[in-house]
*Asks:* 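Here it is, the structure in full.
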Amino acid sequence: MKNKFIILLNVFTRVCTLSFIFSSIYIWIFFGRYSLLNLEYVWGILLIALVSAVGYIPFISEKELSKSIMIISRAIYFILLDAVILFVGYRLKWYIPEEKRTVIGIELSVIAALICMCIVSYISDSNKANKMNEILKNRNK
């Protein structure tokens, strides 16, 4: 249980960090570097990170998932996150629906952030697997 909580906390912090980074870049590009943000911005990012962590729960189950189910689950996860980000972004005026370039910009930011999160997770998981394999190799000697 503790291990699952740590995984969810890692997802939360990664999404939170990447959301702050990518939304800051997006806001700087589309609205200027002197844009003022209010506390709602922080709460919006925290909501996105919370939904990300809760939506990640099926991926930490003990059951082995088939490749096709994993792909479908990842697609649903992406759609859920994208919908939450678009909703929060709309409420906080991160984009203007009538301006296609801002909608495209936020979508590209979402995609870039999720790709970065997948890369960070892959590297982290790969490092853990390598360490575990090294421990097993040393144990068998």
*Asks:* Using 0.5 Å steps for rounding, measure from the CD1 atom of I45 to the CZ atom of F22.
*Replies:* 12.0 Å
*Asks:* Could you see if I29 belongs to whatever hydrophobic cluster contains I104? Use Ile, Leu, Val, Met, Phe, Trp, Tyr and a side-chain cutoff under 4.5 Å.
*Replies:* no
*Asks:* What is the minimum heavy-atom distance between F31 and K93, and which atoms define it?
*Replies:* CZ-O, 4.1 Å
*Asks:* Treat each ILVMFWY residue as a node, draw an edge where side-chain heavy atoms are under 4.5 Å apart, and state whether I76 and L50 are in one component.
*Replies:* no
*Asks:* Calculate, to the nearest 0.5 Å, the distance between atoms CG and CD1 belonging to L114 and I119 respectively.
*Replies:* 11.0 Å
*Asks:* If you take all heavy atoms of S52 and Y77, which pair is closest and at what distance?
*Replies:* O-OH, 2.9 Å
*Asks:* Show, in sequence, the C-alpha distance, side-chain angles and deciding distance for V15 and Y56, and conclude whether the side chain to side chain contact (heavy atoms under 4.5 Å, CB included) test is met.
*Replies:* CA-CA 11 Å; V15 170; Y56 198 80; over 6 Å; no
*Asks:* Keeping Y95 on the side-chain end and L86 on the backbone end, is there a donor-acceptor pair under 3.5 Å?
*Replies:* yes
*Asks:* Side chains of Y26 and T102: do they bring a donor and an acceptor to under 3.5 Å?
*Replies:* no
*Asks:* Around atom CD of E40, are there more than 12 heavy atoms from other residues, nucleotides or ligands closer than 6.0 Å?
*Replies:* no
*Asks:* Quick one: CD1 on I85 to CH2 on W94, what's the gap to the nearest 0.5 Å?
*Replies:* 7.5 Å
*Asks:* Evaluate the side-chain proximity of W28 to Y34: yes if any heavy-atom separation is below 4.5 Å, no if none is.
*Replies:* no
*Asks:* How close do K4 and I60 get, counting heavy atoms only, and between which atoms?
*Replies:* CE-O, 3.5 Å
*Asks:* Output the distance between atom CG (L8) and atom CG (N3), rounded to the nearest 0.5 Å.
*Replies:* 10.0 Å
*Asks:* In terms of hydrophobic clusters joined by side-chain contacts under 4.5 Å, are I21 and I123 together?
*Replies:* yes
*Asks:* Any link between I72 and I79 through a network of hydrophobic side chains (Ile, Leu, Val, Met, Phe, Trp, Tyr) touching at under 4.5 Å?
*Replies:* no
*Asks:* Between W43 and L47, does the side chain to side chain contact (heavy atoms under 4.5 Å, CB included) criterion hold? Intermediate values first, please.
*Replies:* CA-CA 6 Å; W43 286 113; L47 175 64; over 6 Å; no
*Asks:* Are V103 and E98 packed together at the side-chain level, in the sense that at least one heavy-atom pair is separated by less than 4.5 angstrom?
*Replies:* no
*Asks:* Walk me through whether F30 and S109 qualify under side chain to side chain contact (heavy atoms under 4.5 Å, CB included).
*Replies:* CA-CA 12 Å; F30 287 102; S109 296; 6.0 Å; no
*Asks:* Quick check: are there more than 12 heavy atoms from other residues, nucleotides or ligands sitting under 6.0 Å from CZ of R74?
*Replies:* yes
*Asks:* If you group Ile, Leu, Val, Met, Phe, Trp and Tyr by side-chain heavy-atom gaps below 4.5 Å, do F87 and L46 land in one group?
*Replies:* yes
*Asks:* Distance check, rounded to the nearest 0.5 Å: I48 atom CD1 versus S23 atom OG?
*Replies:* 7.5 Å
*Asks:* Quick one: CD1 on I106 to CD1 on I111, what's the gap to the nearest 0.5 Å?
*Replies:* 11.5 Å
*Asks:* Whether the side chain of T13 engages the backbone of N10 through a donor-acceptor N/O pair (distance < 3.5 Å, no angle test) should be reported.
*Replies:* yes
